[in-house]
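Working notes, beginning with the structure itself.
Keep in mind that the numbers below use all heavy atoms, side chains included, and drop hydrogens, waters and symmetry copies.
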Amino acid sequence: MIFKLTEEQLAVRDAAKDFAETELLPGVIERDEKQEFPTAQIKKLGELGFLGMMVAPEYGGGGMDTMSYVLAMEEISKIDASVSVCMSVNNSLVCWGLEHFGNEEQKQKYLKPLASGEKIGAFCLSEPEAGSDATFQQTTAEDHGDHYILNGTKNWITNGNSASIYLVIAQTDKAKKHKGINVLIVEKGMEGFVVGKKENKMGIRASDTHSLMFQNVKVPKANRIGEDGFGFTFAMQTLNGGRIGIASQALGIASGAYERALAYSQERKTFGVPIFEHQDVQFKLADMATRIEASRLLCLKAAWLKDQGKDYSQASAMAKLYSSKTAMDVTIEAVQIHGGYGFVKEFHVERLMRDAKITQIYEGTSEIQKIVIARSLFK
Ligand code: CAA
């Protein structure tokens, strides 16, 4: 086993770090407070190739490996998790799904603008009554020969308003249960497709999370990805990779908070010494650093397995389960180390603590990750 990153991987990490510090850090507090979607920043991120990192260059992507993606996600998430969730969804759930399961026509029409960052995509699985229980799809896609008629509501959709291309999971044949589910490419502007209310969230407040309504939307059959009934498998396989993205986001939130706490502990004095001299602070920092390193290794291992073409569903679930708990625990300790300063916005750690929570919920709650891991143990 070689614990060494390549020159290319290190260059991607450095580029992401530079971008995050120069382009995302200024204004991150205000965007969070105003719930302002980072339109200009996302556009630049796309121009740098971070929205279609793993897509083949012939489709407008960066042709990078998943390990580079993990490294970039960590750096972006250290500064702005609202930006990194948009990046994660576009890369892992939308571009990856289209590249691996879409046909040539769909790739030319939809993948190219998504991979180059010209357009943003959204992944629409969750519903008011189908979050963890994702097979319980109430959105219907009725088969009408050469097209489907789509009806239903999707909830908590990341990039809900900023996206122009939506991958919508819907039930075509209830009798077939999860084998009767399809995934359709829906474009903003299709008649009967309405973007609903924006959620007022605890964290990742600058990302735009919306409900979506589909009222008799006519979707050509040419917009179905894969064979009839492939939709649920599509969602599950896509989420296996998505979970690597969110695990890396959690890792970045944790390491961003840790780096701030470490720096603060050397500046801040109490009882005549920097607080770093107090053993309780040292122990906190030691625990934080150890858990972050373990999270990083889990994320990179899941990415490595994916890059090697091996099964990574268990590894991605483990990475997400562990990294998201690390993000929650580390950010709470970072606030504690900052004391009163940690409770106010200027020091960033309170935002990171609020942002951490969602990583234990979206793309499969921690409880769902345990189900995925437990089932894999019996295989
Ligand atoms: N990888 C590949 N296939 C999988 C899989 C995985 N991780 N998990 C399940 N499957 C397959 C099963 O093999 C089975 O296929 P077959 O019938 O062909 O054998 C099929 O899916 C159904 O699986 P189960 O019988 O296990 O179904 P279940 O209902 O008992 O459990 C579940 C399924 C794993 C709990 C699933 O519903 C799930 O993952 N739920 C969480 C949904 C989720 O992650 N939502 C995230 C929303 S997207 C989002 O959050 C994006 C964002 O905004 C950031």
Applying side-chain hydrogen bond (donor to acceptor under 3.5 Å, both in side chains), can you list everything that pairs with Gln138, at least two apart in sequence or on another chain? none
Please collect all side-chain hydrogen bond (donor to acceptor under 3.5 Å, both in side chains) contacts where either partner lies in residues 331-349, sequence neighbours excluded, each pair once. His348-Arg351
Any side-chain hydrogen bond (donor to acceptor under 3.5 Å, both in side chains) pairs touching residues 41-51, not counting sequence neighbours? Glu23-Lys44, Lys43-Glu47
With sequence neighbours left out, which residue pairs that include part of residues 300-335 fulfil the ring pair (Phe, Tyr, Trp, His ring centres under 6.0 Å) condition? none
Taking ring-ring contact (aromatic ring centres under 6.0 Å, His included) as the test, write out the residues that go with Tyr148, two or more places apart. none
Scan for ring pair (Phe, Tyr, Trp, His ring centres under 6.0 Å) pairs involving residues 350-379, sequence neighbours excluded, and state none if there are none. none
Side-chain donor-acceptor contact under 3.5 Å, Asn223 with Gln106: no
Which residues satisfy the ring-ring contact (aromatic ring centres under 6.0 Å, His included) test with Phe343, sequence neighbours excluded? none
Interatomic distance, Ile246 atom CD1 to Ser324 atom OG [nearest 0.5 angstrom]: 10.0 Å
Under the side-chain hydrogen bond (donor to acceptor under 3.5 Å, both in side chains) test, which residues partner Thr209, sequence neighbours left out? Lys201
Please collect all side-chain hydrogen bond (donor to acceptor under 3.5 Å, both in side chains) contacts where either partner lies in residues 166-177, sequence neighbours excluded, each pair once. Thr172-Asn182
Asn151 meets the side-chain hydrogen bond (donor to acceptor under 3.5 Å, both in side chains) criterion, sequence neighbours left out, with Asn216
Does Lys107 have any side-chain hydrogen bond (donor to acceptor under 3.5 Å, both in side chains) partners at least two apart in sequence or in another chain, and if so, which? none
Kindly write out the residues that satisfy salt bridge (charged side-chain N to carboxylate O under 4.0 Å, His left out) with Lys197, not counting sequence neighbours, or none if the list is empty. Glu199
